[in-house]
Amino acid sequence: MTTNSELQTRRLAATPRGVGVMCGFYAQRAENATLWDIEGREYIDFAAGIAVLNTGHRHPRLVAAIQEQLGRFTHTAYQIVPYESVVTLAERLNALVPISGPVKTAFFTTGAEALENAVKIARAHTGRAGVIAFGGGFHGRTLMALAMTGKVAPYKTGFGPFPADVFHVPFPSALQGVSADDSLAAIEKLFKTDIDPKRVAAIVIEPVQGEGGFNVAPTALLQGLRRICDAHGIVLIADEVQTGFARTGRLFSMQHHGVEPDLITMAKSLAGGMPLSAVAGRAAVMDAPAPGGLGGTYAGNPLAVASAHAVLDVIADEKLCERAAALGERLVGRLLKIKESNPALAEVRAQGSMVAVELRDAATGAPDAEAVARVQAKALAQGLVLLSCGMYGNVIRFLYPLTIPDAQFEHALAIVEEAFSA
Ligand code: PMP
């Protein structure tokens, strides 16, 4: 039997260090919220492939849908020989996204690609170049997406120069003393100091910052962005790659705010583990690029599209939005309880089941990434995989499958409590 440590040695020799890998064990198989490594050890998966598995590992309905498609065809290149499932999926998403009036959807493969294409579409629609994004935001690792990403190390280090005309303003944070008004004022200031609003194509925002630390955008910020975009003819892009598909207790996080973006990017849990991303948006904006301007060899891959149809069915039939809200509430309750006796828990943040806790040194208030690493290690020793995030790596995020059985969820919460105890 190959061991984890043998594979670790081979991995370090065969693949570059730039692809950072969190776990030192290797996956053998997985089922719903459980995964097993090649040595037979069992883990509760609270990483869910970085927010991809809202419907769990190998949901039987996803497996059946992929198998059915596998028996018919796996690739024609949609732009060469199209197929019905893409049209139907676009129709379903058009009806589901929180944008009124005619909507169209284009499919791609990765989250970064969705962001790249959203910018292309906004530029084609407005005839402008500028993009405003937020500090701490994450939009992907391709060069334009990286330009919009608001965190230097490790993502941008050594990779510049980046495309021009991308600007960052602070994201609201109670802990850092930044209000929604401060963020909006920073944009108005940008219009004075850096770029004429008439040259701005798009403002891009994650309604809950993912990699940046699960910072929840206040409704006032999103309303303010909508006002600014309307005043200057700017396209508002909601990056729902991490927030989408029931994670926050609604299908899309923007639905919590009653603010309509012009474009929505989605990926990750859209296809439950198959590579698929999309940009949905107002038809007039989506139709700006000329024929042939959008696409990709694998864009709208038939296996991934089949899986996405099953994801939408499972979310509706298993009421995963309601379940996300209920599970999130339970977890937040437990974290707040731990916080009462542990001052290192500086803030518990949540929208539905997008839950995080920020750790700071109780004495100095400094971000404490080492405490996060300690909690992660203790949880992992008990078989619970936890992810970190945040500008300073001092936030633990919880991204369990929404389909996790109750008893297993309860067991995981007990491990979390134990990991926080001294
Ligand atoms: N946007 C957001 C909000 C994300 O969280 C991510 C991935 N973490 C991306 C874009 C990029 O997605 P991908 O890794 O599929 O390119």
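Each ligand, and each atom within it, is numbered from 1 in the order the structure gives. One is the number of the first residue; the rest follow in order along the sequence. Values in this document were obtained by computation on a predicted structure and should not be read as measured data.
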Original post:
For Asn54, what residues pass the side chain to side chain contact (heavy atoms under 4.5 Å, CB included) criterion, not counting sequence neighbours?
Top reply: Phe245, Arg247, Ser269, Leu402

Please tabulate protein-ligand N/O pairs under 3.5 Å for ligand 1, atom names and distances to 0.1 Å.
| unit_1 | atom_1 | unit_2 | atom_2 | d |
| --- | --- | --- | --- | --- |
| ligand 1 | 1 (N) | Phe138 | O | 3.3 |
| ligand 1 | 1 (N) | Asp239 | OD1 | 3.4 |
| ligand 1 | 1 (N) | Asp239 | OD2 | 2.7 |
| ligand 1 | 5 (O) | Gln242 | NE2 | 2.8 |
| ligand 1 | 8 (N) | Glu211 | OE2 | 3.3 |
| ligand 1 | 8 (N) | Lys268 | NZ | 3.1 |
| ligand 1 | 15 (O) | Gly111 | N | 2.8 |
| ligand 1 | 16 (O) | Gly111 | N | 3.4 |
| ligand 1 | 16 (O) | Ala112 | N | 2.7 |

**OP:** Identify the heavy atoms of Pro207 and Thr243 that sit nearest to each other, and give their distance.
**Re:** CG-OG1, 4.0 Å

Original post:
Hey, does Thr157 have a side-chain heavy atom less than 4.5 Å from the side chain of Val152?
Top reply: yes

Original post:
With distance as the sole criterion, is a donor-acceptor pair present between the side chains of Gln69 and Arg72 under 3.5 Å?
Top reply: yes

Original post:
Which residues satisfy the side chain to side chain contact (heavy atoms under 4.5 Å, CB included) test with Glu260, sequence neighbours excluded?
Top reply: Ile99, Ser100

Subject >> side chain to side chain contact (heavy atoms under 4.5 Å, CB included) against Tyr298, all qualifying residues, sequence neighbours excluded >> reply: His75, Thr109

